Amino acid sequence: MTVGSFSILFQYFNQLLGEVDEIFSVLFGLESFRVAKMRINKLLSIKNEVDGKKIISRIESIYVHDFDISLHRNSPLFVKKLNCTFSSPGLYIIKGKNGIGKSTFLRTLIGLYTPIKEGEVLINNENIDLINKKKLRENNISCLFQDVPLPSCTVAEYIRDKHTNSNSDQNEAFKKVFYSSQFNIKRILDRKMDELSTGELQLVKLYSAFLKEKVDCYLLDEPLANIYPELQYDTLNLLKQMAQTKLVIIISHDLQFEKIGKTIKVG
Ligand SMILES: Nc1ncnc2c1ncn2[C@@H]1O[C@H](COP(=O)(O)OP(=O)(O)OP(=O)(O)O)[C@@H](O)[C@H]1O
Ligand SMILES: [Mg+2]
């Protein structure tokens with residue numbers, strides 16, 4: 001083969017490769033278009049959360065009757081349908097085995113999770129489906145959940161909004177937990193939330209939940225988790241005090257709670 005014919009052949013070969021390359025990029029383009037279309041269709045098929053209209057001024061009672069939740073293909077979550085009543089003021093401890101559905105129950109109660117439900121839940125004798133859960137979460141309830149993604153900000157930024165107009169700082173039982181020698185929130189205000197120890201983080205989340213003090217109900221999922229024993233004792237006292245005027249519902253495996261509240265068994 002002469003040098004001339006080799007260079008012509010080489011040129012055509014390169015051209016051919018270029019075309020093949022283009023065909024592949026069109027195919028890849030088509031595939032990503034197909035995936036994007038599928039995702040858009042999936043997003044469009046998500047139904048808007050249907051929230052109720054009724055506004056609750058103060059939570060007086062929560063009545064749960066033959067309640068169950070369906071998670072996968074209509075199989076019920078609870079081993080036994082849930083029947084219980086929470087009356088304000090009062091301290092209630094929800095107990096039950098791991099994975100029995102305690103956290104899912106509380107999330108469903110306040111509309112953070114909207115699975116298929118069975119039975120009925122009434123707040124002040126109103127069906128929860130008719131109650132505006134967004135307003136309920138804003139005005140009536142303060143929550144502490146374990147598995148909430150953390151914002152990348154400092155402790156001061158995390159608590160700033162809630163701290164305004166709070167009188168909790170003057171409360172002795174509150175000070176014993178959050179301004180003590182074991183833990184003082186003031187010392188960690190400049191620290192990043194995602195750099196705190198698990199115990200520190202838990203106390204900041206608790207602090208933040210308690211600062212929302214205009215509410216009439218506290219839902220606390222494992223409030224004592226990772227807290228130093230002496231502080232646990234002070235936190236129990238604070239919760240006992242809060243439950244004298246408000247409804248405090250706690251999920252806990254901790255036996256200490258059994259002495260100070262009414263137990264609700266799930267499962
Ligand atoms: N969105 C969901 N989709 C499918 N399954 C879920 C969903 N949320 C929770 N589950 C399942 O429901 C069951 C109950 O979970 P839940 O977190 O309520 O249990 P729990 O009683 O709070 O347990 P623990 O004491 O370990 O915190 C678990 O098996 C969990 O995997
Ligand atoms: Mg849980």
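Not measured: the values here are computed from a predicted model. Every number for a ligand or one of its atoms is a count from 1 in the order of the listing.
- Under a cutoff of 6.0 Å and an axis angle of 45°, Lys117 and Phe67 do not form a cation-pi pair.
- No donor-acceptor contact under 3.5 angstrom links the side chains of Glu126 and Asn124, judged on distance only.
- Contact shell of ligand 1 (protein heavy atoms, cutoff 4.0 Å): Leu71, His72, Leu77, Lys97, Asn98, Gly99, Ile100, Gly101, Lys102, Ser103, Thr104, Tyr113, His253.
- When each of Leu247, Thr263, Ile251 is checked for a side chain to side chain contact (heavy atoms under 4.5 Å, CB included) with Tyr92, only Leu247 meets the rule.
- A distance of 5.0 Å separates CD1 of Ile227 from CG of Leu206, quoted to the nearest 0.5 Å.
- Around the Mg ion (ligand 2), the protein atoms of type N, O or S found under 2.8 Å away are Ser103 OG, listed by chain and number.
- Side-chain atoms of Gln241 and Asn171 form a donor-acceptor pair, as typed in the model, at a separation below 3.5 Å.
- With respect to the salt-bridge test (charged N to carboxylate O, under 4.0 angstrom), the residues Glu138 and Lys135 qualify.
- Salt-bridge check for Arg107 with Asp147: passed, with a basic side-chain N closer than 4.0 Å to an acidic carboxylate O.
- Taking the six-membered ring where the residue is Trp, Tyr207 and Tyr179 present perpendicular rings, their angle passing 60° and hence far from 30°.
- Nearest heavy-atom pair, Ala209 versus Ser142, reported as atom, atom and distance to 0.1 Å: O-OG, 2.7 Å.
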